[in-house]
Protein chains: 4
Amino acid sequence: MNQEPVEKFILIDTDAGGDDAWAIFIAVAAHRASSSTGINIVGLTTTCGNASVENVSENVTRTLLTVDENTLPIYKGMSEYMMIPFKHLEEPPYNGDDGFGDASLPDIPPRLEAEHAVAAIIRLAEEYKGKLTIIALGPLTNLAMAIKLKPEIKGYIKEVFILGGNMDGLGNTTSAAEFNFFVDPEAAAIVVNSYPPCPLIILPWEICLTATSTYAFRTETLRSLNTPQIQLMDAVEAKNLDKNRESWLPPDAVLMACALDNAIILERQDQFAGVEVNGTLTRGMLVVDKARQTGNPPNIQLITKVNVTEYEGLLIWAAGGAKSSG
Amino acid sequence: MNQEPVEKFILIDTDAGGDDAWAIFIAVAAHRASSSTGINIVGLTTTCGNASVENVSENVTRTLLTVDENTLPIYKGMSEYMMIPFKHLEEPPYNGDDGFGDASLPDIPPRLEAEHAVAAIIRLAEEYKGKLTIIALGPLTNLAMAIKLKPEIKGYIKEVFILGGNMDGLGNTTSAAEFNFFVDPEAAAIVVNSYPPCPLIILPWEICLTATSTYAFRTETLRSLNTPQIQLMDAVEAKNLDKNRESWLPPDAVLMACALDNAIILERQDQFAGVEVNGTLTRGMLVVDKARQTGNPPNIQLITKVNVTEYEGLLIWAAGGAKSSG
Amino acid sequence: MNQEPVEKFILIDTDAGGDDAWAIFIAVAAHRASSSTGINIVGLTTTCGNASVENVSENVTRTLLTVDENTLPIYKGMSEYMMIPFKHLEEPPYNGDDGFGDASLPDIPPRLEAEHAVAAIIRLAEEYKGKLTIIALGPLTNLAMAIKLKPEIKGYIKEVFILGGNMDGLGNTTSAAEFNFFVDPEAAAIVVNSYPPCPLIILPWEICLTATSTYAFRTETLRSLNTPQIQLMDAVEAKNLDKNRESWLPPDAVLMACALDNAIILERQDQFAGVEVNGTLTRGMLVVDKARQTGNPPNIQLITKVNVTEYEGLLIWAAGGAKSSG
Amino acid sequence: MNQEPVEKFILIDTDAGGDDAWAIFIAVAAHRASSSTGINIVGLTTTCGNASVENVSENVTRTLLTVDENTLPIYKGMSEYMMIPFKHLEEPPYNGDDGFGDASLPDIPPRLEAEHAVAAIIRLAEEYKGKLTIIALGPLTNLAMAIKLKPEIKGYIKEVFILGGNMDGLGNTTSAAEFNFFVDPEAAAIVVNSYPPCPLIILPWEICLTATSTYAFRTETLRSLNTPQIQLMDAVEAKNLDKNRESWLPPDAVLMACALDNAIILERQDQFAGVEVNGTLTRGMLVVDKARQTGNPPNIQLITKVNVTEYEGLLIWAAGGAKSSG
Ligand SMILES: [Ca+2]
Ligand SMILES: [Ca+2]
Ligand SMILES: [Ca+2]
Ligand SMILES: [Ca+2]
């Protein structure tokens, strides 16, 4: 974490999802250590993606409850993508029907704000004018809607960290598209086209893959901490850990680490990019003009190298273990 | 080259272009050494691309005349792309208006076959049933037209080597598309969809770049040979060599090397791929299903690593220098 | 108007535009005669289209001021279309840069509600659950945004009357698209896809044309009324009346007449339709499945015949003349 | 027919299909009466569409055999569309699997020319330079391929009559597209874009419908002729006549009548049009710029009104009945 804490106000936009939960745990750990990290979570907004917005909202509530953070405001957001309703892309869905592994978890009391996520994004962008970092862990529907409703906020937001898209056409949902961008390409396009003036830092799928951990890291190093966080995640991830015994990767946590700790991002590239909304094979692809064919100035910053050791250290810390020296 | 020569019958489809000329010189060298290489050029077909088909046809004629190969048949082909007329994409065109650097070369006598390139491809595929290797150095219009006119030839052609497309969405013409595929995406799609049964080996743009030579290799090592080939290419490439003094890359020559010498291709990948014909940002992109999202079996073979030293050795040999031991 | 007044609560969504002003005058006349018409205007929402949302909002304010209706709430809405910023399609714009003919009209005091049009649509749909008629005179951006933010309102809205789209592929902006649908096809698609359960009644461009009035009707019959309404519209329409001396057609007024007076719509068709968002030549076209090729049940009602005499009577009445007996 | 016979050389491009057979019978009748009509059939080319090109070729052979015209050359053409293989769009196909109603007709001896249809079109366009009328009754694949292979023929062909496309977005295959254009939109686009210089006269689907005959016309007036033509068509159309007892329409015959008899076309429109190749809902639609939004000069002539009585008279004549006085 930053040696000299600069105040950082963050809004987490999430479609939790177990991977998002790991990211939220990192953010909560940083928020609790705000005297040293400078990080303050100002709210969490939910959107459909891994599951319906109702399930996602409950998952976020549960994640915070697990670490007794029951006052951070949670704003329920978009129940549909820009052009189509929400539905799971595959059956059974990768993260379960409820996004949390269909793990038969105990009931929890709901506690969502009355304000809609999109309204909250606009209001917080105005309240924290020039100071708000948005960390987007899911489809970009909430943010796109906010930007369209109030284009001025593009100039108020300090920066947006985005988990989504790709840089070399590697897909994880179709041949050419990453999940968060594929399910709502119009939203992704609106956000990617929002600079200038809104600074965008994107962690593409190819770079996520470089931060893949070993199965042992998850099932031994992390599991052995046996904290409430681990107990929740062991339940949430049980089926997927059972299916894939070779490696483990919660991409949302990698982005969260990048967003909160200056030591994580080792290399960046300024690039011009757009989102393909019309392609038959490429709908949802982040098209990065790597060879500078358009002549357009950069509109995004791609994260191209991450410090995996540091990131894994943050995960241990987020899970309730000791903070490494990084 | 092959230690034990297996007879190989090749048809070169070209939009020459200086880069194509280098490739043709390699092919001619191998053809002349057919007792050791087994390689026989059965014909050359021309298409628009680097220049109009008239210019391309003259360039091919001149290339062969330079090395006194005046009996190899040249078939003039498509003057337009599948959906649009030919025109230069940029002004001035990269290889000059005439594709040969607008170098004020002396007039030469025309000598083209009467038969259309598309008809020749069909006839030769039938005559050399199971034995014809097509080496495609330009837009795939001729081959696509032949395949549509006579789909049976997909089963007769032994293999098609293709210079075109990309594997990581790196463009050289638009953000996402390589020149040969971009100018005629419908033709590229028709060809890429022609396996099964037609085997396709594609050299993508990203791998071409790994075979970039130094400026010195071109302007010292090659130039010092001072053969007719070098004299022609010094004239054809004069302007581009003047503009770019850092490196040199004739991609068509890299593909030709891959097609004719087993020592060049160090690694290949079997992949499923398609060509995007509809995208706003991605039209003409070769979409490779690297993460196996479609579940479709492979329909192309990508060349993913080439032996640059061997390839440069072939270039020296093609230019009239000594054959290296490779 | 209805003999026996049934209460009708209407929200006017407009990109005024002189044509919209005529429509608003009809609505105001009906609203003032609510004891006989049953019509109550509950608000007006503005959107970009004929002009920027700032200009449109001022135009609506001025229109109402002209008839001393200064308490009807006006909600400023979307300043951009779903996927692109607002800009005029042609220079000079058909209705002037300001949408009101650039007529150097006197300054007026602004009086807009603080609430955003999209929020107002959602709130009013909830307040007038089952009873709200929305009359959409411009691009459907506000309504689409409201529907996405709160999909439940599709079930609350009684009906939406839409001026936009076409039924026989006749364009007025491109070869195949009508202006309101062309400038924001994504919004049009979202709205057209919102039935069930939201009932949609669409006045297509081809049918608008059947309600074209003579030049004399506008410049003699209407002008001779010499009311404040006429004085405003004479200024606003001056340039266009000067250019086209053959006929006169404010399509928004035709839709308003259809929406408010049962005697206007002579024929309707239940149809299944969608909005083309991807076509090169057809983007924004309303694609009506007239020959029932899809097998889908109807999702819109097309107005296919209007009573022009009655509609012109309403215009005279709206302009301050006597109400005909219709 | 023409009072003073001007020599007219026609090439019939067909995907027969029973409707095409009716058209061919009209052409044969006119050809036999060439001393008065001036009409000479120079050949027939076949393409996939109603059925595979093999079936279509046999159907054409059989149609000619039925009227003892066994020397008119038949050239087998494209077995696939430009971008996709042939396959039936629906099961069972409207005209049967074999295009001729799967009527268990007796075997006939094959007699097809060796020359490919595409080569024949090019050759005949050259031989009859300035004098060849092409009458296209099916998908435009053959003609598009010929035009691409030899663009010069666009200047040699006198005119092309086309059965296909639409003018008001009325579909008969999808919501917005007519069959012949929908199955090969790329071919349709190539042909529609071939003027200038190639004159194109298009009979759109909407106008075909205006020439619908009564069921009695087919099953009484025509059937009662009891000629070999009628015996063939009674077998070929048996199932469809059984299904639809309300009306009868062989659109190909309407176009043939338009092409061969000056009395049939009552009204024409010069229009600018293009073919949509990218739309999700509109692929294959003929987009006619009826409201002159593009500013482009006309590139097609639409037939907008036909003389149905005269056309039905030609059908009776073609079926072996007496020629009416028309
Ligand atoms: Ca996520
Ligand atoms: Ca080339
Ligand atoms: Ca309007
Ligand atoms: Ca036909």
Side-chain angles (χ1 to χ4, degrees), chain A residues 89-90 94 165-179 181-183 185-186 188-189 192-193 204-209 212 247 249 251 269 271-300 302 304, chain B residues 89-90 94 165-179 181-183 185-186 188-189 192-193 204-209 212 247 249 251 269 271-300 302 304:
Chain A
L89 291 186
E90 50 181 8
Y94 182 72
N166 44 15
M167 63 183 289
D168 295 329
L170 183 70
N172 65 13
T173 302
T174 64
S175 294
E178 178 273 343
F179 177 84
F181 275 38
F182 177 75
V183 293
E186 280 77 14
V192 167
N193 295 340
W205 177 239
E206 293 87 349
I207 307 305
C208 287
L209 287 173
T212 303
S247 61
L249 171 62
Q269 286 179 11
Q271 294 283 8
F272 176 76
V275 177
E276 177 64 71
V277 296
N278 286 319
T280 302
L281 301 174
T282 53
R283 186 164 152 80
M285 176 178 161
L286 180 64
V287 180
V288 181
D289 185 20
K290 292 174 286 189
R292 308 291 153 103
Q293 295 296 323
T294 64
N296 292 336
N299 63 341
I300 64 163
L302 283 181
T304 53
Chain B
L89 291 186
E90 50 180 10
Y94 181 73
N166 44 15
M167 62 182 290
D168 295 328
L170 183 70
N172 65 14
T173 302
T174 64
S175 294
E178 178 274 342
F179 178 84
F181 274 39
F182 177 75
V183 294
E186 280 77 16
V192 167
N193 296 339
W205 177 240
E206 293 87 348
I207 307 304
C208 287
L209 288 174
T212 303
S247 62
L249 171 63
Q269 286 178 12
Q271 294 283 9
F272 176 77
V275 177
E276 177 64 69
V277 296
N278 286 318
T280 302
L281 302 175
T282 53
R283 185 165 153 80
M285 176 178 161
L286 180 64
V287 180
V288 182
D289 186 20
K290 293 174 286 189
R292 309 290 153 105
Q293 294 296 324
T294 63
N296 292 337
N299 63 341
I300 64 165
L302 283 180
T304 53

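Order of the sequence lines sets the chain letters (A, B, ...), proteins ahead of strands, with each chain counted from 1. Reckoned from all heavy atoms, side chains included, excluding hydrogens, waters and symmetry mates.
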**Student:** Would you give the length of the straight line joining atom OG1 of T282(A) to atom CZ of R283(B), rounded to the nearest 0.5 angstrom?
**Tutor:** 11.5 Å

**Student:** Rounded to the nearest 0.5 Å, what separates atom CD in E276(A) from atom OG1 in T280(B)?
**Tutor:** 5.0 Å

**Student:** Under 4.5 Å, counting heavy-atom pairs only, tell me which of N166(B), T174(B), T294(B) racks up the most with chain A.
**Tutor:** T174(B)

**Student:** Taking all atoms of both residues into account, what is the closest heavy-atom pair of G274(A) and L281(B), and its distance?
**Tutor:** C-CD1, 3.7 Å

**Student:** I need the residue from V275(A), V288(A), N172(A) with the largest number of non-hydrogen atom pairs under 4.5 Å to chain B.
**Tutor:** N172(A)

**Student:** On a heavy-atom basis, which atom in G171(A) and which in A291(B) lie closest, and how many Å separate them?
**Tutor:** O-CB, 3.2 Å

**Student:** Consider side chain to side chain contact (heavy atoms under 4.5 Å, CB included). Of K290(B), Q293(B), M167(B), which one does L170(A) pass it with?
**Tutor:** K290(B)

**Student:** Using non-hydrogen atoms and a 4.5 Å limit, figure out which bit of V277(B) sits close to chain A: side chain, backbone, both or neither.
**Tutor:** neither

